[in-house]
Amino acid sequence: MTGPYLYDEGPEALHTGTPRRRNGLILAVFGTTLAVGVGMVVALPLVKGSGDDQAREAVGVFTAALAAGDTETAGDLLCEAERDRADAEGRTAEELAVAYAPAGGAGSGGEVTGVEPGELDGKDARQVGVRWDDGSESTLLVVLEDGPRVCGTASGD
């Protein structure tokens, strides 16, 4: 280039040195992201609890809701298959939930007596033993479907 310049030296490239590589920063960002991801996976069972703990808690809330006459909450704790069954029978989920209690009535509470692994339609489930207020016992099946949901009784009940 020729011509009059403001300074005597002439135009110079804006970046005259060799470029610096910042691989350390990129590696630190990816490493931190990876560490946070692994940490969340490890911490999730600690926060949510094991499948047994979730099943025990869900059935405890279910029986407490029935004891308090809160059929809406009990109905909300039923799995999708049970809701579909209620629809097919022309009943509401609340009416079906009440049928789980002995003598088929709200106001019957129960206590969780134990949790065992089980299976329902080829899916992992939990069998939760319940001793009802009238002394009778039953086993409720719980599946993990958008959270733990009551999905029937074990055979023999």
Side-chain angles (χ1 to χ4, degrees), residues 15 19-157:
H15 303 286
R20 290 179 47 187
R21 297 187 183 263
R22 299 268 179 174
N23 291 339
L25 179 61
I26 292 172
L27 290 174
V29 168
F30 284 133
T32 302
T33 303
L34 180 65
V36 168
V38 168
M40 290 176 72
V41 168
V42 169
L44 188 62
L46 298 175
V47 174
K48 290 182 75 174
S50 69
D52 289 358
D53 293 339
Q54 291 180 44
R56 181 182 300 275
E57 185 69 25
V59 171
V61 171
F62 183 78
T63 58
L66 289 175
D70 184 2
T71 57
E72 182 178 350
T73 298
D76 288 344
L77 287 169
L78 293 178
C79 69
E80 197 62 38
E82 287 293 273
R83 291 171 177 281
D84 292 344
R85 183 172 74 110
D87 288 341
E89 294 175 359
R91 298 194 287 175
T92 65
E94 291 81 10
E95 290 170 336
L96 185 60
V98 170
Y100 279 87
S108 298
E111 175 185 348
V112 174
T113 58
V115 179
E116 298 291 328
E119 187 176 298
L120 179 66
D121 297 331
K123 295 180 182 176
D124 186 31
R126 299 292 188 274
Q127 296 181 1
V128 182
V130 177
R131 182 176 301 115
W132 297 98
D133 289 344
D134 68 354
S136 64
E137 294 186 7
S138 64
T139 303
L140 302 180
L141 289 172
V142 176
V143 295
L144 293 178
E145 159 184 295
D146 292 330
R149 302 279 185 234
V150 175
C151 205
T153 58
S155 60
D157 288 340

Are any of the side-chain nitrogens in D124 or R126 under 4.0 Å away from the carboxylate oxygens of its partner?
yes
Considering all heavy atoms of both residues, which atom of G60 and which atom of V112 are nearest to each other, and what is their separation?
N-CG2, 4.0 Å
V128 versus A55, closest heavy-atom pair with distance:
CG2-CB, 3.9 Å
For residues L66 and A74, report the shortest heavy-atom separation together with the two atoms involved.
CD2-CB, 3.8 Å
Let me confirm one number: the CD-OG1 distance from Q127 to T139, rounded to the nearest 0.5 Å.
6.5 Å
Hits for side chain to side chain contact (heavy atoms under 4.5 Å, CB included) against A125, two or more places apart or cross-chain, chain-then-number order -> L120, V143
Side-chain atoms of residues 76-83: list all donor-acceptor pairs with protein atoms under 3.5 Å, sequence neighbours left out, distances to 0.1 Å.
| from | atom 1 | to | atom 2 | distance (Å) |
| --- | --- | --- | --- | --- |
| E82 | OE1 | R85 | NH2 | 3.1 |
| E82 | OE1 | Y100 | OH | 2.4 |
| E82 | OE2 | R85 | NE | 3.2 |
| R83 | NE | L78 | O | 3.4 |
| R83 | NH2 | G75 | O | 2.9 |
| R83 | NH2 | D76 | O | 3.3 |

Does E116 have more than 12 heavy atoms from other residues, nucleotides or ligands lying within 6.0 Å of its CD?
no
Throw together a table of side-chain donor-acceptor distances under 3.5 angstrom for residues 23-38, partners on residues two or more places apart or in other chains.
| from | atom 1 | to | atom 2 | distance (Å) |
| --- | --- | --- | --- | --- |
| T32 | OG1 | A28 | O | 2.8 |
| T33 | OG1 | V29 | O | 2.9 |

Quick one: are V61 and T73 in side-chain contact, heavy atoms under 4.5 Å?
yes
Are the side chain of E95 and the backbone N or O of T92 linked by a donor-acceptor pair below 3.5 Å?
yes
Would you check if V130 and E111 make a side-chain contact, meaning some heavy-atom pair closer than 4.5 Å?
no
Donor-acceptor pair, side chain of T113 and main chain of G129, under 3.5 angstrom
yes
For a quick test of reading the model, state the closest non-hydrogen atom pair linking E137 to R131 and the distance between them.
OE2-NE, 3.2 Å
Please report the closest heavy-atom contact between G110 and T63, naming both atoms and the distance.
O-OG1, 3.3 Å
E94, CD: over 12 other non-hydrogen atoms inside 6.0 angstrom
yes
Using only atom types and a distance under 3.5 Å, with no angle test, would you say the side chain of S136 pairs donor to acceptor with the backbone of W132?
no
